[in-house]
Amino acid sequence: GAVVSQHPSWVICKSGTSVKIECRSLDFQATTMFWYRQFPKQSLMLMATSNEGSKATYEQGVEKDKFLINHASLTLSTLTVTSAHPEDSSFYICSARDPSEIEQPQHFGDGTRLSIL
Amino acid sequence: DQQVKQNSPSLSVQEGRISILNCDYTNSMFDYFLWYKKYPAEGPTFLISISSIKDKNEDGRFTVFLNKSAKHLSLHIVPSQPGDSAVYFCAASEYTNAGKSTFGDGTTLTVKP
């Protein structure tokens with residue numbers, strides 16, 4: 001089945017650092033990928049939709065300049081948390097949909113645990 | 001305003017019995033619904049889906065029921081197995097934009113041997 005790889009799985013860094021998270025579709029091409037954030041015991045909150053070759057679409061309340069998204073190829077999207085602060089600590093998950101699948105589920109990466117000290 | 005709600009944060013069931021996980025939604029534009037299963041430290045994995053033209057979809061031990069008038073869906077797992085212990089997320093979308101889904105808060109299912 002379709003596989004989405006997310007890297008790194010865990011990041012610990014100092015406040016003020018920028019952190020890049022990669023999301024790759026391994027065996028299919030994804031024109032669209034999605035970035036979610038999950039707080040403890042809460043649901044997946046959609047942050048933005050990443051579109052290959054064009055600008056990402058951000059959900060209301062998500063700072064575009066804070067969370068930079070680049071989708072330069074059909075298999076790779078990156079999320080950069082710029083000048084990260086402790087309140088940015090969270091679990092970030094990406095997903096992609098294989099357009100060839102009839103049921104069109106999202107395939108998720110295993111997530112990135114981001115801890116800002 | 002939470003458009004997809006899973007009112008039971010947790011559910012405990014004996015092995016071999018039926019597990020019923022519930023989900024309610026408020027947005028009448030939703031016409032495609034999915035269930036995902038999530039183990040700790042992993043991303044969610046797709047389980048089963050149903051479109052609004054159906055009221056039931058079955059895949060092995062998993063059955064999803066949709067009641068459009070009540071804006072309610074449920075996932076039945078029969079028989080439940082210890083390996084089914086996980087967090088289950090209900091998601092809803094407009095099929096024309098099926099990639100963009102709204103998720104519930106999840107229900108933690110524990111199946112006891």
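Everything numeric here is computed off the predicted structure, so don't read it as measured data. Lettering follows sequence order; numbering is per chain, from 1.
- For the atom pair A:Phe108 CZ and B:Glu42 CD, the distance stands at 13.5 Å (nearest 0.5 Å).
- Atom NZ of A:Lys20 has 12 or fewer neighbouring heavy atoms from other residues, nucleotides or ligands inside a 6.0 Å radius.
- For chain B, the nearby parts of A:Leu44 are the backbone and the side chain; heavy atoms of each come within less than 4.5 Å.
- Rounded to the nearest 0.5 Å, atoms CD (A:Gln106) and CG (B:Leu34) are 8.0 Å apart.
- Here the shortest heavy-atom pairing between A:Asp110 and B:Gly43 reads OD1-N, 3.1 Å.
- Nearest heavy-atom pair across A:Tyr36 and B:Ser101 is OH-O, 4.0 Å.
- Residues A:Leu114 and A:Val62 share a single hydrophobic cluster, defined by chaining ILVMFWY side chains whose heavy atoms lie under 4.5 Å apart.
- Contact annotation for A:Gln6: neither backbone nor side-chain heavy atoms come within less than 4.5 Å of a heavy atom of chain B.
- Other residues, nucleotides and ligands place no more than 12 heavy atoms under 6.0 Å from the CZ atom of B:Arg17.
- Follow the hydrophobic side-chain contacts under 4.5 Å out from A:Trp35 and you never reach A:Leu46; the two are in separate clusters.
- The same ILVMFWY cluster, assembled from side-chain heavy atoms under 4.5 Å apart, contains both A:Met47 and A:Ile116.
- No more than 12 heavy atoms of other residues, nucleotides or ligands shown are found within 6.0 angstrom of NE2 on A:His7.
- The neighbour count for A:Lys66 NZ, taken as heavy atoms of other residues, nucleotides or ligands under 6.0 Å away, is above 12.
- Across B:Lys100 and A:Phe34, no two heavy atoms sit closer than the pair N-CZ, 3.8 Å.
- With a threshold of 4.5 angstrom between heavy atoms, B:Tyr36 approaches chain A through side-chain atoms but not through N, CA, C or O.
- Rounded to the nearest 0.5 Å, atoms OG1 (B:Thr102) and CE (A:Met45) are 12.0 Å apart.
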